[in-house]
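Okay, structure first, notes after.
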Amino acid sequence: MKKYNWQPTDAQFLEALLFASGSDGSAPLLEVLLMADAADGTVFEAKEVEEAVLKLVAAGVVTIKKNQLTISPAFLQQYEEQTIQEGLTENNELLLNLLQEQPISEETIKAAKEDTLKKYKLKNQYQAYKEQFGG
């Protein structure tokens, strides 16, 4: 059985989603990828995006509705509480620590792969981003 661990790239992706999202905590993948590039020059590889989204969905941190990645209200609240306690510093370490508290199981990974990500067509969206913005 493969073990799914949170990686710094997962936190980077989530941080880009936080920056790209509106008041409802959602944004399309294209805006998340553009925000990552604008924020610190990060250009995610397709595999990094796929793994981050898969794990975030499997852990219930992110849902996908109408082609929007949406951060769960519970996670947003946790994040806000932590940033208030810790002050506004580098988000990556804080996000990674919060993600480490989110469980991922083989069952939730399988469900996310077979249901949510199949419908979302992540690879097609990533390919459209690459074609439009190069790389």
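Just so it is clear, the structure is predicted and the values come from calculations on it, not from any experiment.
Taking NZ from Lys113 and CG from Leu122, the interatomic distance works out to 12.5 Å, rounded to the nearest 0.5 Å. In this structure, the separation between CD1 on Ile109 and CG on Leu54 is 4.0 Å, given to the nearest 0.5 Å. Expressed to the nearest 0.5 Å, how far NZ of Lys47 lies from NZ of Lys123 amounts to 9.0 Å. Rounded to the nearest 0.5 Å, atoms NZ (Lys66) and OH (Tyr120) are 14.5 Å apart. A distance of 5.0 Å separates CD1 in Ile71 from CG in Leu76, rounded to the nearest 0.5 Å. Here Leu98 contributes atom CG and Thr83 contributes atom OG1; the two are 9.0 Å apart, rounded to the nearest 0.5 Å.
Here the closest non-hydrogen pair linking Ala16 and Met35 is O-CG, 3.7 Å. Of all the heavy atoms in Leu69 and Leu17, the pair that sits closest is O-CD1, 3.7 Å. Minimum interatomic distance between Thr70 and Asp24 (heavy atoms only, all atoms of both residues): CG2-O, 3.9 Å. Taking each heavy atom of Asn5 and Asp10 in turn, the nearest pair found is O-OD2, 3.9 Å. What you find for Ser21 and Leu18 is that their closest heavy atoms are OG-O, 3.1 Å. Taking every heavy atom of both residues into account, Ala11 and Leu96 meet most closely at CB-N, 3.8 Å.
A heavy-atom distance below 4.5 Å is not found between the side chains of Lys55 and Leu99. Side chains of Gln102 and Trp6 form a contact here, defined as non-hydrogen atoms less than 4.5 Å apart. Annotation: side chain of Val62 is not in contact with side chain of Phe75 (no heavy-atom distance under 4.5 Å).
Legend: residues meeting salt bridge (Lys or Arg N to Asp or Glu O under 4.0 Å) with Asp115, ordered by chain and number and at least two apart, are Lys119.
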Yes or no on side chain to side chain contact (heavy atoms under 4.5 Å, CB included) for Leu33 and Phe13, after CA distance, side-chain angles and deciding distance?
-> CA-CA 8 Å; Leu33 296 173; Phe13 184 86; 4.3 Å; yes

Derivation of the side chain to side chain contact (heavy atoms under 4.5 Å, CB included) call for Asn67 and Gln125 | CA-CA 9 Å; Asn67 283 337; Gln125 291 195 43; 3.5 Å; yes

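A donor atom on one side chain and an acceptor atom on the other are not found under 3.5 Å apart for Glu48 and Thr9. Side-chain contact of Glu107 with Ser105: a donor-acceptor pair under 3.5 Å is present, judged by distance alone. Judged by distance alone, the side chains of Gln78 and Gln82 never bring a donor and an acceptor atom under 3.5 Å apart.
The aromatic rings of Tyr129 and Phe133 sit tilted, their planes meeting at an angle between 30° and 60°.
Salt bridge annotation for Glu106-Lys110: absent, with no cationic side-chain nitrogen under 4.0 angstrom from a carboxylate oxygen.
The backbone N or O of Phe44 sits less than 3.5 Å from a side-chain atom of Tyr126, completing a donor-acceptor pair.
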